[in-house]
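In what follows, residues are counted from 1 in the order of the sequence shown.
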Amino acid sequence: MTFLSDRVTKLEESATIAMAQKSRELQQQGIDIISLSLGEPDFNVPDFIKTAAKDAIDENFSKYTPVPGYLELRQAVCTKFKRDNGLDYSPDQIVVSTGAKQCLINTIYALVNEGDEVIIPAPYWVTYYAQVKMAGGIPVVISTDIENDFKVTADQIQNAITDKTKLMIFSNPCNPTGSSYTKSELKSIATVVASTPNFYVISDEIYEHINFVRKHESFAQFPEVYERTITVNGLSKAFAMTGYRLGYIGAPKTIAQAASKLQGQFTSGTCSITQRAAITALLSDPSAIQYMIDAFNNRRLIIYDLLKEIKNIKVNLPEGAFYFFIDVSYFFGKSVNGKIISSATDLTLFLLNNANVALVTGEAFGNKNCVRLSYASDEATIREAVRRLKEAFEKIS
Ligand code: PLP
């Protein structure tokens, strides 16, 4: 028996954070670990955004902010939605939060009752599953595989729908696979959603700008699902502003009001300085961040070529985000140093201890066959990491 609540005892710790922690511990022992485990851009915040943050301090933006965010910022979010996504939102449909992570929990708490089913296509971002459970919802996981670039189809969603289905959560481009949906793929999903009463969708588009193959397509663009969609986005990935903590939603007014009501009791409005910096970030021309996207794309192509040289792994060329999701199932049941590798988790531990490279097990993302490699590191580091991985994989027989 524990004095801690059931809620927290049942909560799973984030596997990505756990792996980062393990790598840090080894690094502190003086071991040269390369961590490709975190989803954090390795760039600094662009100077023009830093200036806006400094100005906010000097101009005394230091008081409590309105719970859903400064009006000027919500107007900037509306401008961004119209400019980049063709979406019409008014400021009362926008809620700004302490990271997209809080946008997600606000929305899930606003919509999900105990026992409601929430469809989560796998591989999914770890937090979706944990947050749905926290809200008392039942995650209904739909599996996809590398042969289909890990994309869920409208038919799979249709087959998962029951009279308890309330919500679906997916990311596009996807963490952990980098897959990006085409307009026609989204349209087929929208048709299924629209034909199911009381079925909502969280479309997490935080990797929107990191898309190497096509213009990003928003789920809410289809009029039949506009009233059913909560578009989640934020500054962490596109502007390398992870520590600033700012995410936002565009949603039907009732849902935005509910999210704001919850936020009023959890955290109140997010940091005043961050909000002022966010206005500058969102109103800047998207070309201002193109250098980061070009760098990610360059690394993506380099790693793809290097990974193809590793025998017996399966790898696809991701279209967005900064991850490779590599199928390593060939190695299950094989042994190394007298130990049998029986899962993706075993394999990540072996690679951490023998190649000194930290990846994240696919099990954390609802896929047992794969491991996630994040390429948010410089080119030399990535080349060295993949060299070590190749050497380690060759030892398994
Ligand atoms: N959604 C996805 C798919 C992510 O990968 C992440 C961060 O890793 C987030 C949301 C959370 O972003 P934030 O830093 O804004 O909380």
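- Glu319 and Asn211 form no side-chain donor-acceptor contact under 3.5 Å, judged by distance and modelled atom types alone.
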List, one per line, each side-chain donor-acceptor pair under 3.5 Å for residues 145-152, sequence neighbours excluded.
| unit_1 | atom_1 | unit_2 | atom_2 | d |
| --- | --- | --- | --- | --- |
| Glu147 | OE2 | Lys314 | NZ | 3.3 |
| Asp149 | OD1 | Asn316 | ND2 | 2.8 |
| Lys151 | NZ | Ser180 | O | 2.9 |
| Lys151 | NZ | Glu185 | OE1 | 3.0 |
| Lys151 | NZ | Glu185 | OE2 | 3.3 |

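- Side-chain contact, Thr98 with Gln102: a donor N or O sits under 3.5 Å from an acceptor N or O.
- In this structure, the ring of Tyr207 has its center no less than 6.0 angstrom from the ring center of Phe296.
- With respect to Arg276 and Asp55, no salt bridge is recorded, no charged nitrogen being found less than 4.0 Å from a carboxylate O.
- Results of the ring-ring contact (aromatic ring centres under 6.0 Å, His included) test with Tyr226 over Phe219, Phe81, Tyr89 single out Tyr89 as the only residue that passes.
- With salt bridges taken as basic N to acidic carboxylate O contacts below 4.0 Å, one links Arg299 and Asp42.
- Classification of Lys80 and Asp84 as a salt-bridged pair holds, one side-chain N sitting under 4.0 Å from a carboxylate O.
- Looking only at side-chain heavy atoms (C-beta outward), Leu246 and Gln275 come within less than 4.5 Å of each other.
- Every residue meeting the side chain to side chain contact (heavy atoms under 4.5 Å, CB included) condition with Lys390, not counting sequence neighbours, appears here in chain and number order: Glu309, Ile310, Glu394.
- Salt bridge status for Lys368 with Asp327: absent, with no side-chain N to carboxylate O gap under 4.0 Å.
- Side-chain contact check for Tyr330 versus Ile313: every heavy-atom pair is 4.5 Å or farther apart.
- For Glu40 and Lys237, the salt-bridge test fails: no basic side-chain N is under 4.0 Å from an acidic carboxylate O.
- Using a cut-off of 4.0 Å between Lys/Arg side-chain N and Asp/Glu carboxylate O, Lys166 and Glu117 are scored as not salt-bridged.
- Inspection of the Asp346 and Ser342 side chains reveals an N or O donor paired with an N or O acceptor under 3.5 Å.
- No more than 12 heavy atoms of other residues, nucleotides or ligands sit less than 6.0 Å from atom NZ of Lys63.
- Under the 6.0 Å cut-off for aromatic ring centres, Tyr124 and Phe365 do not qualify, their centroids lying 6.0 Å or more apart.
- In summary, the aromatic rings of Tyr375 and Tyr323 are positioned with their centroids too far apart to meet the 6.0 Å limit.
- For an aromatic pair to be called close, the ring centres must be under 6.0 Å apart, and Phe43 with Phe239 fails this.
- The aromatic rings of Phe324 and Tyr304 sit parallel to each other, their planes meeting at less than 30°, with 60° as the upper class boundary.
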